[in-house]
**Q** 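The structure is given below, and queries will be raised subsequently.
Note that ligands are numbered from 1 as they come in the structure, with each ligand's atoms numbered from 1 the same way. FYI, the numbering just counts along the sequence from 1. None of the values given here were measured: they were computed from a predicted structure.
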Amino acid sequence: MKKIMVVLMVCLMVLNGCTKDNTQDYTKVSNQTYLLGTLVKVTVYGKDVSKEVFNGAFDIIKNIEATVSKNEDNSEVSQINKGQEISLSESTYKIIEKGLYYSQVSKGKFDITIAPLVNLWGIGTKNAKVPSHEEIQEAIKKINYKHITLDQKTNKIQIHQPIELDLGAIAKGYVADEVSAYLMEHNMGHAIINLGGNILTVGEKPDGSSWKIGIQNPFDARGTKLGVVTIGQKSVVTSGIYERYLEEGDKQYHHILDPFTGYPVENELASVSIISNLSIDGDGLSTVVFSMGLEEGFDFIEGLDEVDAIFVTKDKEVYLTSGADEIFMLTHEDFKKKQMKK
Ligand code: ADP
Ligand code: MG
């Protein structure tokens with residue numbers, strides 16, 4: 001009985017506290033908590049890791065969340081959504097800048113002014129519902145990334161027609177990059193940053209070997225993988241139909257929405273994982289490419305340097321861009337590797 005209690009207490013500590021586990025000549029320091037609407041976990045492998053400095057990583061996450069969340073009343077994004085043309089902090093500026101870039105390259109399939117539609121559906125919140133056709137038409141009229149511009153000289157955002165921002169498709173990636181920079185600055189050069197399944201590794205493993213990161217099986221419980229990628233310092237971000245969805249009748253409505261139809265993006269994809277250097281690119285691109293679908297998305301990623309992708313279709317087929325083919329190993333027998341037709 002006593003033993004069980006001890007195990008239980010240790011588990012509880014893991015859930016919202018610090019764990020230390022001495023392995024060979026380095027110490028693993030890990031902490032996880034709920035931030036950015038998801039479970040956030042940072043793990044550092046090092047020597048003499050100061051708990052205080054380590055915890056600074058979570059302060060970074062909290063600060064950026066307070067600035068860019070559309071659900072925080074006083075965040076910069078909330079002020080913008082109320083129509084105020086404010087001067088932006090560096091974080092908000094950079095996220096909007098990159099968000100606008102991906103809105104442009106996807107010709108609006110990805111659009112950071114999608115908030116009216118996201119709010120209407122409420123997927124992932126307790127108010128989730130399938131909206132009426134009229135409500136959807138009203139909401140999509142308000143979406144248009146071209147109604148904002150950034151002024152590099154003043155760091156100000158200019159709003160030409162009322163819009164509402166939702167940076168949810170890209171902010172986590174930026175946060176991961178900032179945490180990575182912080183850890184490296186403070187000599188924590190071997191780490192894994194996990195923001196609800198969005199992974200960014202720092203350095204190699206402490207013994208110099210590569211990391212092995214599982215790719216989620218989109219049809220199974222969270223944590224079940226369909227394969228593994230072997231990587232050095234890289235970001236691995238997945239967008240999929242399983243992340244957050246609403247079930248009504250026998251239909252599932254997931255959380256990546258098409259700004260043109262107003263409904264969840266419908267194509268052959270169940271998920272797409274992006275492997276890139278910066279996590280802001282991985283996060284942005286996972287949503288962009290999911291919206292594009294397999295064929296357009298595949299060509300788009302093949303055209304980018306140092307970015308690769310793993311596409312998983314609803315038929316359990318796995319398509320790999322050329323770089324992904326070298327680092328991905330399929331481990332689940334229900335899935336089949338396929339070649340893209342030329
Ligand atoms: P997750 O947040 O689950 O990691 P994504 O990175 O794919 O997944 O982002 C999905 C989120 O992005 C949605 O919850 C919503 O806030 C926002 N979003 C949904 N559709 C779009 C879209 N077409 N363009 C830009 N952002 C979107
Ligand atoms: Mg994304």
**Q** Does a side chain donor of either Lys41 or Asn31 reach within less than 3.5 Å of an acceptor in the other side chain?
**A**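 Looking only at side-chain atoms, Asn31 and Lys41 do not form any donor-acceptor pair under 3.5 Å.
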
**Q** I'd like to know whether Glu302 forms a side-chain hydrogen bond (donor to acceptor under 3.5 Å, both in side chains) with Ser322, so could you lay out the CA-CA distance, the side-chain angles of the two residues, the decisive distance to 0.1 Å, and finally the verdict.
**A** CA-CA 7 Å; Glu302 282 292 39; Ser322 39; 3.1 Å; yes

**Q** With a 6.0 Å cut-off on the ring centroids, do Phe298 and Tyr319 count as close?
**A**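 Not under 6.0 Å, so no.
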
**Q** Between Lys98 and Tyr174, is NZ or CZ placed under 6.0 angstrom from the six-membered ring centre and within 45° of the ring axis?
**A**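 Cation-pi check for Lys98 and Tyr174: fails.
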
**Q** Ring centres of Phe290 and His254 under 6.0 Å apart?
**A**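 For Phe290 and His254, the ring centres are under 6.0 Å apart.
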
**Q** Can you list every protein residue that has a heavy atom under 4.0 Å from any atom of ligand 1, sorted by chain and residue number?
**A**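 Contacting ligand 1 under 4.0 Å are Lys109, Phe110, Asp111, Ile114, Val118, Asp166, Gly168, Ala169, Lys172, Ser239, Glu243, Arg244, His255, Ile256, Leu257, Pro259, Asp283, Thr287.
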
**Q** Over all heavy atoms of both residues, which pair between Ile95 and Ile280 is shortest? Give the atoms and the distance, please.
**A**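 Taking Ile95 first and Ile280 second, the nearest heavy atoms are CA-CD1, 4.4 Å.
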
**Q** Please determine whether the number of non-hydrogen atoms from other residues, nucleotides or ligands lying under 6.0 Å from atom CD of Glu333 exceeds 12.
**A**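 Open: at most 12 neighbouring heavy atoms sit under 6.0 Å from CD of Glu333.
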
**Q** Evaluate the criterion side-chain hydrogen bond (donor to acceptor under 3.5 Å, both in side chains) for residue pair Asp315 and Thr313; output intermediate values, then yes/no.
**A** CA-CA 5 Å; Asp315 297 337; Thr313 68; 4.9 Å; no

**Q** Tell me the protein N, O or S atoms under 2.8 Å from the Mg ion (ligand 2), in chain and number order.
**A**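 Near the Mg ion (ligand 2), below 2.8 Å, one finds Ala169 O, Asp283 O, Asp283 OD1, Thr287 OG1.
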
**Q** May I ask you to say whether Lys109 pairs ionically with Glu296, meaning some side-chain N is under 4.0 Å from a carboxylate O?
**A**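 Salt bridge present between Lys109 and Glu296.
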
